[in-house]
Amino acid sequence: MRPDILNNLFKSITGLPGIGPRNAKLVEKLAGPKIIDLLWLLPREIIDRRYAPTIMEATPGKIATITLRVDHHVKPPTKRQPYRVICNDGSGQITLVFFHARPDYIEKLLPAGEPRVVSGRVEHYRDEVQMTHPDHVVGPGEADSIRRVEPVYPLTATLSPKTLSRAVGTAVEAAPEISEWLDTALLEREGWPSWQTALRTAHAPEDSAALEPHTPARARLAYDELLANQLTLAILRTRQKRAKGRRLKGDASLTRKVFKTLPFALTEAQTTALREIREDMAAPGAMLRLLQGDVGSGKTVVALFTLLNAVECSGQGVMMAPTEILARQHLATLQSLLGDTGVRIDILTGRDKGKSRQAKLEKLAAGEIDILVGTHALFQAGVDFKDLMVAVIDEQHRFGVHQRLSLAEKGQGVDVLVMTATPIPRTLTLTVYGDLEVSRLTEKPAGRLPVDTRTMPLDRLHEIVDAVARATRDGAKVYWVCPLVEDSEVSDLAAAEARHATLKTRFGDKVALVHGRMKSAEKDAAIAEFAEGNASILVATTVIEVGVDVPDATIMVVEHAERFGLAQLHQLRGRIGRGEKQSTCLLLFAQPVGDTARSRLRTLRETEDGFRIAEEDLRLRGAGEVLGTRQSGLPVFRLADLSAHADLLAMARDDASLILDKDPDLQSERGTALRTLLYLFERDAAIVNLRSG
Ligand code: ADP
Ligand code: MG
């Protein structure tokens, strides 16, 4: 249970001053639905209002706070002209300018003859000193209500900065003093304030230096967030380690059989990865290893040998994929590699229902299935193995850490291999997986020709369609990728359905369509049509980004390539260049192309090296957004900025492991405070994993 002291922070933002139902929606979009979400919204900039000149001295272009007296109002002769209020401070005259103003409002705000304090940007226009739409207008008695240094928060359109900063201010005031969870020695060494002080300081920057990521206040808040992240991962890891691992060392009987019929030799990287995996499995603890390999680097066969090791030990293996398409593909690949070894392999997805599902589950529980491939359906209750020894999780980004764990819990000390095609830089792997072993498939299988990647303006579409016609006549298979389907907000996008329709008029039944809103059976059917050659063009959205394997597809056309992220285009392109034939990728862009997009397209022309592309992505987008954060399942940090706080991340990792070594269930006094930290960052699920959580 969340400690009471935090309850106020987890209330809805609608209780805050100025946040009615309409504003609540905007704030929610920006920060989140709860008061605590506002605490995490740190100011991006400041407005310094300390400059308080006389009108005569005021430097144009600067923000100034001026005390003056209202002289008279000049109502505009037509609605298009601004409403003007002439004011004076003895040194000179200033005109306050309001466009589209309601006269009664201005009259009330600035009554003639009254003193006022105004703050805003001073301009010179013709021979006049002006201030257009002052940010603040108050009576002299309320001058203190204008913050001398005003924090500026990120904004969504139509939400007023004043409303937002008032709400944030109230939220910050509501933040309680909480028992310290950080080590005193650490606080002293780093010169960090308490959590409450850090929050207050971070939200009240006195100058732009206070916005730097390494100020004590900001660093402390970032560290808290990273520590919560690392502690969560470490707790889960500890729990996995508690389940005693087993020494699994197969007799290689099946491995040898499959090896003999393998249509290729393993690459050195595959061999090394397999050796590392075998060593892990043979060791007494449970394996937790990440297999990182670019698209097409050959992870599936590594997975197969991993699974076979369990089967050789008379146990079972499971392989989980994020989508039905992928699961079916893995099944097909594994089946063909297994040949006549007699290994019993089956699949379980959401499509299995009723009696046939029941029959499968019974076989599984009886040990009559050796390898089970599947989707999320594998997590369901009732999916029980006779003796699950190894779990392979493909593209785990799309699964949560908890899901990974709950799969492993369907057996005793299950060895886990997580596979990802996203070439995440080391710092980022730490935030997703914590401290785990990593094997990398750095080379592509031999004999692959590099993909010929070209960029071209969209208005040459006709030529491209002609070229596609020639190529398909010669037997080529073509992926045609479109950015969105039926998105009414972005009606100018070449929607996949529209493109499918136009291509159909020329190519007839040779065109298939696959997109994310199709039922999975329809998707599979479309991909099968393409794989089997009944269709030679597959119009697709990014659903084909992950895993689709049609080795003889050699051409990819991407419409509006400028709208895709670098990593995403790289993933997409990985669908071709998988066979022996030369492949071509045509990236079509609509003009004008921005600098960043241009730079992305250039990188793609120049390289196919996933790690180089990932680094470039990091450089172009910054750590916060790298690899399309949300889709890729990387954690979104609100206080920590990994491009600046990588050092803190390493500290947090060490801290987390020390903490759990000493106090594995967070029972001590500091442990209790750390639980509060976890609640603060909504890691409630991690706490459940502690004994007497
Ligand atoms: P990934 O899952 O890493 O994207 P796959 O396992 O789907 O890659 O492999 C891509 C293709 O490469 C498959 O068609 C596979 O049969 C083939 N392949 C795998 N390993 C090798 C190898 N050592 N030599 C040649 N081809 C290989
Ligand atoms: Mg794969």
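In listed order, ligands and their atoms are each counted from 1.
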Review point. What part of D549 sits under 4.0 Å from ligand 1 if we count only heavy atoms: the side chain, the backbone, both or neither?
Key: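 It is the side chain that touches ligand 1; the backbone stays farther off.
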Should you measure from each heavy atom of [X], which atoms of ligand 1 turn up under 4.0 Å away?
X    : result
R578 : 4 (O), 7 (O)
L266 : 23 (N)
T267 : 23 (N)
A265 : 22 (C), 23 (N), 24 (N)

Exercise for review: Look at atom CD of E268 and say whether more than 12 heavy atoms of other residues, nucleotides or ligands are closer to it than 6.0 Å.
Suggested key: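 No, because the 6.0 Å sphere around CD of E268 holds 12 heavy atoms or fewer from other groups.
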Practice item. Work out whether the distance between some heavy atom of A303 and some atom of ligand 1 is less than 4.0 Å. Key: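 No heavy atom of A303 comes that close to ligand 1.
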Check your understanding: Heavy atom of S297 under 4.0 Å from ligand 1?
Key ->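 Contact check S297 vs ligand 1: positive.
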Exercise for review: Mind checking salt bridge (Lys or Arg N to Asp or Glu O under 4.0 Å) for E608 and listing every partner two or more places apart, or none if nothing turns up?
Suggested key: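 Counting only residues at least two positions away or on another chain, E608 forms a salt bridge (Lys or Arg N to Asp or Glu O under 4.0 Å) with K444.
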Check your understanding: Excluding sequence neighbours, so at least two apart, what forms salt bridge (Lys or Arg N to Asp or Glu O under 4.0 Å) with R605?
Key ->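 Partners of R605 under the salt bridge (Lys or Arg N to Asp or Glu O under 4.0 Å) test: none.
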Determine, for [X] against [Y], whether the closest basic-nitrogen to carboxylate-oxygen distance falls under 4.0 angstrom.
X    : Y    : result
D251 : R256 : no
D346 : R344 : no
R289 : E276 : yes
D394 : K299 : no

**Study point:** ligand 1 to P551 polar contact by distance, N or O atoms, under 3.5 Å
**Key:**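 P551 vs ligand 1: no N/O contact under 3.5 Å.
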Point to revise | Close N or O approach (V301, ligand 1; < 3.5 Å) | key: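 Looking only at distances, the answer is no, because the N/O contact criterion of under 3.5 Å is not met.
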Practice item. Closest by any non-hydrogen atom to atom 1 (P) of ligand 1: pick that one out of K299, M419, Q571, E268. Key: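 Of the listed residues, K299 has the closest heavy atom.
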Review point. Which residue from L291, T300, V302 reaches closest to atom 5 (P) of ligand 1 through any of its heavy atoms?
Key: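 When every heavy atom of L291, T300, V302 is considered, T300 comes closest to atom 5 (P) of ligand 1.
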Exercise for review: Scan I555, T554, V511, L538 and name whichever one has a side-chain contact (heavy atoms from CB on, under 4.5 Å) with V478.
Suggested key: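 Exactly one option meets the side-chain contact (heavy atoms from CB on, under 4.5 Å) with V478, and it is I555.
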